[in-house]
Amino acid sequence: MTMVKPIRSDARRPLLEVRGLSKSFGAVPVLKGVELDVYEREVVSIIGPSGSGKSTLLRCLNRLELPSAGHVRLEGREAGTRSSELVRLRRRIGMVFQNFNLFPHMTVLGNVIEGPVTALKMPRAEAERLGLSLLEKVGLRERAASRPAQLSGGQQQRVAIARALAMRPTLMLFDEPTSALDPELTGEVLAVIQQLAEEGMTMLIVSHEMAFVRRVSDRIVMMDHGEIVETGPPDEIFARPTTERTRRFLASFER
Ligand SMILES: Nc1ncnc2c1ncn2[C@@H]1O[C@H](COP(=O)(O)OP(=O)(O)O)[C@@H](O)[C@H]1O
Ligand SMILES: [Mg+2]
């Protein structure tokens, strides 16, 4: 008689599966066979030196870059090259960049509802209700009628987060979301991201804010020269890094 194996929670299929992902620009390899799983409700942070391929990895996940080799599966479905698959993928993955990238000629609310109205064909009234509730969530409901240029960088980035959330993504990618901000404005953006983590949003975060990364992440991925050098729970990576490259990288943040 065969035993029925109990279903363990870690036996779930990952939300995001990255297999053998490689990317070269011309003859220069920038990603070399990256393997990564991200489970639902997991917060994974990618750290590593400048030029190690962190942004390229995120951009390959939502096909802003076309990988040279390898596979990306989201919710069990292969991210192929057909345009219908691309559209689906981009809707399911929200991305927040370093430089906000808001539409300057639109109001704050207009920026947030643009995706739902044009891509999802959501009725405007419904989109506005959604948009206002998301602006409330990021603490900017009263700025709905402002233009991006009237806001601080921290406020603009919070609008960018609300705009990404408006598409109801299954996965959120953050690429150095506070790197363009003055130090006094980073906290308000990190607080919003932390709140999302507490609510169970699945997130992949590239950040150099080491205290934040340690606090908010379930798992850390250390990259160098296009490879994952080391991965583990934050307390292990920060307290007991197993590779010299990670040790050296983390030491560069100590003063
Ligand atoms: N579009 C591109 N064309 C050529 N080289 C690129 C391009 N984008 C990134 N690179 C190179 O790929 C490497 C990794 O870049 P990137 O992914 O931005 O690293 P990180 O985000 O870790 O700083 C760098 O050497 C960078 O110069
Ligand atoms: Mg980068």
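Counting starts at 1 for both ligands and their atoms, following the listed order.
Side chain of Lys23 to backbone of Thr56: no donor-acceptor contact under 3.5 angstrom is found. Remark: the backbone N or O of Asn62 is paired with a side-chain donor or acceptor of Arg90 at under 3.5 angstrom. Within the 3.5 Å criterion, the main-chain N or O of Gly20 finds a donor-acceptor partner in the side chain of Glu35. For Gln157 (side chain) and Gly154 (main-chain N/O), no donor-acceptor pair under 3.5 Å exists by modelled atom type. Using modelled atom types, one side-chain atom of Gln150 and one backbone atom of Arg147 make a donor-acceptor pair closer than 3.5 Å.
At a 3.5 angstrom cut-off on N or O pairs, Val30 does not count as close to ligand 1.
For atom 23 (O) of ligand 1, the nearest protein heavy atom lies closer than 4.0 Å. Shown here, atom 14 (C) of ligand 1 is in close reach of the protein: a heavy atom of it lies under 4.0 Å off.
Summary of contacts: the protein heavy atom closest to atom 18 (O) of ligand 1 is Ser55 CB, 3.7 Å. Atom 6 (C) of ligand 1 has its closest protein heavy atom at Phe25 CD1, 3.3 Å. Nearest protein neighbour of atom 19 (O) of ligand 1, counting heavy atoms only, is Gly53 N, 3.2 Å. Thr56 OG1, 3.6 Å is the protein heavy atom nearest to atom 16 (P) of ligand 1.
Below 4.0 Å from some heavy atom of Pro49 lie the following atoms of ligand 1, by number and element: 22 (O).
For Thr56, every N, O or S atom stays at 2.8 Å or more from the Mg ion (ligand 2).
Nearest-residue assignment for atom 20 (P) of ligand 1 (options Gly51, Ser24, Gly26; heavy-atom criterion): Gly51.
Checking each of Arg13, Arg73, Arg219, Arg19 against Asp37 for a salt bridge (charged side-chain N to carboxylate O under 4.0 Å, His left out) leaves exactly one that passes, namely Arg19.
Between the side chains of His71 and Glu17, no donor N or O sits under 3.5 Å from an acceptor N or O.
The closest approach between any non-hydrogen atom of Gly48 and ligand 1 is not below 4.0 Å.
When the side chains of ILVMFWY residues are joined at heavy-atom separations under 4.5 Å, either directly or via intervening members, Val206 and Ile193 end up in two distinct hydrophobic clusters.
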